[in-house]
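All residue numbers refer to positions in the sequence shown, counting from 1.
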Amino acid sequence: MNIRPATTTAELLAAAHLHAAEPRPEWAARFLAAEGDGVFAMLTWEFDGTDALGRP
């Protein structure tokens, strides 16, 4: 398993099943822009490129 911070809006949107509400692209972009303020989201990926639930 590979654990790393999300770096793209697409990664955050792909993890929609983990959020309490449906993420919006503009919110995801704003979240990533705030990363320098100590804000980050860690995602897990299997070494074959799928997420922790086996999805690409």
Side-chain angles (χ1 to χ4, degrees):
M1 186 177 299
N2 181 13
I3 301 172
R4 61 179 175 77
T7 58
T8 68
T9 300
E11 288 176 333
L12 290 177
L13 296 178
H17 60 286
L18 301 174
H19 303 295
E22 187 68 28
R24 296 184 182 180
E26 61 273 14
W27 294 353
R30 194 174 339 151
F31 177 86
L32 290 171
E35 189 173 338
D37 296 331
V39 176
F40 59 92
M42 301 299 285
L43 299 175
T44 61
W45 299 92
E46 296 297 331
F47 289 114
D48 65 0
T50 60
D51 69 13
L53 298 176
R55 295 176 289 214

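Between Ala16 and Glu22, the closest heavy-atom pair is CB-OE2, 3.9 Å. Of all non-hydrogen atoms in Leu12 and Ala6, the two that sit nearest each other are CD2-CB, 3.6 Å. Minimum heavy-atom separation, Pro25 to Thr9: O-CG2, 3.7 Å. Closest approach of Leu32 to Thr8, counting heavy atoms only: CD1-C, 3.2 Å.
For the side chain to side chain donor-acceptor pair (under 3.5 Å) test, no residue two or more places apart in sequence or in another chain qualifies with Arg24.
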